[in-house]
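See below for the structure under consideration.
Quick note: residue numbers are just sequence positions, from 1. Excluded from the calculations below are hydrogen atoms, water molecules and symmetry mates; all remaining heavy atoms, backbone and side chain alike, are included.
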Amino acid sequence: MQALMLAAGMGKRLGRYTENATKCMVQVNKKTLIERAIEVLVKNGVKKMTIVVGYKGDVLINFINSKFTKDKLKGMKIEFIENKVYDKTNNIYSLYLARETLCDDDTILLESDIIFKPEIITKLIKSKDKNLAVVSRFESWMDGTCALLDHDYNITDILDKARFNWSNTQDYYKTVNIYKFSKEFSKNYYVPFLEAYQKSFGKNDYYEQVLKVLSFLSASTLKGLPVSGDDWYEIDDPADLAIAEARFAKGKDKLRLLQKNYGGYWRFPKLKDFCYLVNPYFPPQKMIDEIQSNFKTLLTQYPSGAAQISLLAGKIFKISPEKIAVGNGAAELISSLGESLSGKIVLPYPTFNEYPERFTNCQIIPIDTRKKGFSYTVNDVLAAVKKENAKTVLIINPDNPSGNFLQKQDILNLLKDLKKMGTHLIFDESFIDFAKSEIRYTLLDEKILSEFPNLIVIKSISKSYGVPGLRLGVLASSNKELIYRIKKENSIWNINSFAEHYLQIYEKYSKAYFYSCDKIADERVRFIKELSKFKFLHVYPSQANFVLCKLKGKIQSDQLAIELLEKNAIFIKDLTGKKCFDESKWIRLAIRDKSDNDELLSVLARFD
């Protein structure tokens, strides 16, 4: 068995990573792709490897020679073929240059820009099938050539981009660009067709086109070897590189890289996200269908300006449009509000880090809630205000990550006292709709805002309304000058057409929304009850769609987070390093639907 790698390409999309090196010299977690490939081939007993080089070929050859001594190669011989016209040709010509080598022995053919788990090569070599293409069930992040397989895994068709149909993706397998060709297949089928195809269509094409012809002529020529989409990744640009590093990292590095993404987890389709806080029961399918039916219009048309968006938000919350501003997520509004704040601000800790990080002009007066089990009252807040003569208070209700909840009347009483003292209250109610129905309330109320000009209400639409991808949030106050400044601070088109349409149609689905919040509230009661049965966990009360837990015994929070991630593809929030969590003992668990929660409970049971 021999190996043949195509590595002549320039890798322009990788920018600075390939200015002075080839694509296969790009490092993923401090090791180059070429090193990974050679090590896997050596481990599997491959005795010869041929690499077709082109761009920076001398650099690549010198690199390989410096990295791999005879001892490291364990008898494997590496040879090179040069594609001198790499900048004018595509990989079909690189393979054509190696056609004689291809006919010498059974061959593992692979491209140089892929990171893959070693087991793929082992499976290829051990398989009794002589001619195989490694394939994966199509997932949304994939791009490029796809294949169709019959029930015996014979490849019946190869689909290039021109024939790709998004409505048929449930039947597609993405080619991984790793193959096993027998000597007979190469000599009697592939190479003759390769020569004929190139003579007819030229050098600037892809070698998969030859496979496409062969699959058309005979469904049994080449079979597919299905592997998981988690087992490989193609690296074409810096974004791909970042994803590949997260996918193939281990231990603390894997957790750190995933946390650093702050989202985008749809690119990791097998990941169960118990870290980010989103309503799994809303929006309903009917609402999604309505948005999808308008997709082309929303995609191709400009959204309305800020004034019209305020009208839509005002209609939903029954607030005058001059008293409400809509942001690209609550984060944009928090940042804009921070620009206009100064002086002392009372803030219970622990808290959502976005606030102290954006309120850079303020002096933070923390209320440490640890001694009371991360709970606090309005009296604690009022005492801190009086002691420090603070002019601003921030309360997140329910609080993040503690889940602490303050009743409506307590907040109204606090507002009255703060009003007399000339102190403002910033009230973030992003999670308040998850509270049980009998205590649920909102301060997004025209009458309350008018009575308390010292009140500023912030609400994220992303979390409770289940649409974080739309990036929506609102800020309301009867201080019209403040609202004007916030709107002026942001772009006139800070909200896209999809988000605008969502605001436009929401009222039709408002009953379904509050029903979804009731379902979360009920599931939270059940979930906390089941979590509390574990001896290694102390579970804190919560009125949000998440729960704070302290680990007992020897296990550390980062250890738990890493094991869940690596063994079960479950992502939880490790609170280590967050203010008030000095020990590696604290985690926050999002509340998802019953099925997902039961899966997490089942996994956690092994730690008890």
Side-chain angles (χ1 to χ4, degrees), residues 260-265 275-279 283 298 302-317 319-342 345 347 351-362 364 392 394-397 399-400 424-433 442-444 449 455-504 506:
K260 197 171 72 170
N261 283 346
Y262 300 107
Y265 301 123
C275 180
Y276 283 78
L277 310 170
V278 180
N279 185 347
L298 300 174
Y302 274 94
S304 300
Q308 179 64 28
I309 303 299
S310 291
L311 284 170
L312 292 173
K315 179 182 69 171
I316 291 172
F317 296 107
I319 295 173
S320 303
E322 65 271 14
K323 296 180 182 178
I324 191 166
V326 183
N328 190 309
E332 182 182 51
L333 297 168
I334 293 169
S335 180
S336 299
L337 179 61
E339 292 294 320
S340 62
L341 289 179
S342 60
I345 178 168
L347 172 56
T351 191
F352 180 41
N353 282 345
E354 194 71 16
Y355 281 103
E357 287 179 3
R358 298 300 169 217
F359 291 177
T360 54
N361 298 324
C362 298
I364 304 295
T392 310
L394 169 66
I395 290 177
I396 302 171
N397 198 42
D399 215 337
N400 180 10
H424 286 81
L425 171 63
I426 302 169
F427 187 80
D428 186 322
E429 59 171 67
S430 295
F431 302 103
I432 206 165
D433 292 343
T442 179
L443 298 189
L444 284 170
L449 290 171
L455 172 63
I456 300 167
V457 183
I458 293 177
K459 190 183 190 78
S460 166
I461 304 297
S462 301
K463 298 173 179 65
S464 56
Y465 291 80
V467 286
L470 292 184
R471 306 304 307 133
L472 276 170
V474 296
L475 182 150
S477 173
S478 61
N479 184 340
K480 296 178 183 178
E481 183 181 342
L482 170 66
I483 297 298
Y484 175 78
R485 285 203 310 270
I486 295 287
K487 290 179 179 178
K488 193 172 182 180
E489 177 80 19
N490 298 325
S491 165
I492 191 173
W493 285 307
N494 65 331
I495 304 302
N496 63 58
S497 294
F498 292 94
E500 178 183 356
H501 184 61
Y502 178 88
L503 294 174
Q504 184 178 348
Y506 163 77

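Once rounded to the nearest 0.5 Å, the distance linking CZ of F427 with OG of S477 reads 14.0 Å. Interatomic distance, CD of E429 versus OG of S464, reported as 9.0 Å (0.5 Å rounding). In this structure, the separation between CG on L298 and CG on N496 is 8.5 Å, given to the nearest 0.5 Å.
A side chain to side chain contact (heavy atoms under 4.5 Å, CB included) with I426 is found for one member of T392, V457, I395 and no other, namely T392. Here the options are E489, R471, K487, E332, the test is side-chain hydrogen bond (donor to acceptor under 3.5 Å, both in side chains), and the partner is N494; only E332 passes. Each of L347, L341, I456 was scored for a side chain to side chain contact (heavy atoms under 4.5 Å, CB included) with L394, with one residue passing: L347.
When all heavy atoms of A476 and I319 are compared, the closest pair comes out as CB-CD1, 4.2 Å. Across all their heavy atoms, S336 and N490 have their closest contact at OG-OD1, 2.8 Å. The minimum heavy-atom distance between G466 and V278, with the atom names listed, is CA-CG1, 3.6 Å. Across all their heavy atoms, A325 and I486 have their closest contact at CB-CG2, 3.9 Å. Contact detail for E500 and I309: the closest heavy-atom pair is CG-CD1, 3.6 Å. Of all heavy-atom pairs between I324 and A313, the closest is CD1-CB, 3.9 Å.
The aromatic rings of Y355 and F359 sit perpendicular to each other, their planes meeting at more than 60°, with 30° as the lower class boundary. The aromatic rings of Y302 and W493 are tilted relative to each other, their planes meeting at an angle between 30° and 60°.
Within the 4.5 Å cutoff, the side chain of I458 has heavy atoms near those of the I334 side chain. In this structure, the side chains of I461 and Y502 come closer than 4.5 Å at one or more pairs of heavy atoms. Residues L455 and H424 fail the side-chain proximity criterion, which asks for heavy atoms closer than 4.5 Å. Residues L503 and L472 meet the side-chain proximity criterion, which asks for heavy atoms closer than 4.5 Å. The closest side-chain heavy-atom distance from I495 to P303 is not below 4.5 Å. In this structure the side chain of K459 reaches within 4.5 angstrom of the side chain of F317, judged on heavy atoms. Contact annotation: the side chain of F431 approaches that of L277 to within less than 4.5 Å [non-hydrogen atoms, C-beta and beyond]. Contact of the L312 side chain with the Q504 side chain is registered, since non-hydrogen atoms from C-beta on lie closer than 4.5 Å.
In this structure, S430 contributes its side chain and S460 its backbone to a donor-acceptor pair below 3.5 Å. The backbone N or O of A306 lies less than 3.5 Å from a partner atom in the side chain of S310, making a donor-acceptor pair.
At a cut-off of 3.5 Å, with distance as the only test, no side-chain donor of N361 or S342 sits close to an acceptor on the other residue.
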Subject >> Stepwise salt bridge (charged side-chain N to carboxylate O under 4.0 Å, His left out) check, E481 with R485 >> reply: CA-CA 6 Å; E481 183 181 342; R485 285 203 310 270; 3.4 Å; yes
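The residues K463 and D433 are annotated as not salt-bridged, no charged nitrogen and carboxylate oxygen being separated by less than 4.0 angstrom.
Side-chain rings of Y265 and Y276 approach one another, their centers coming within less than 6.0 Å.
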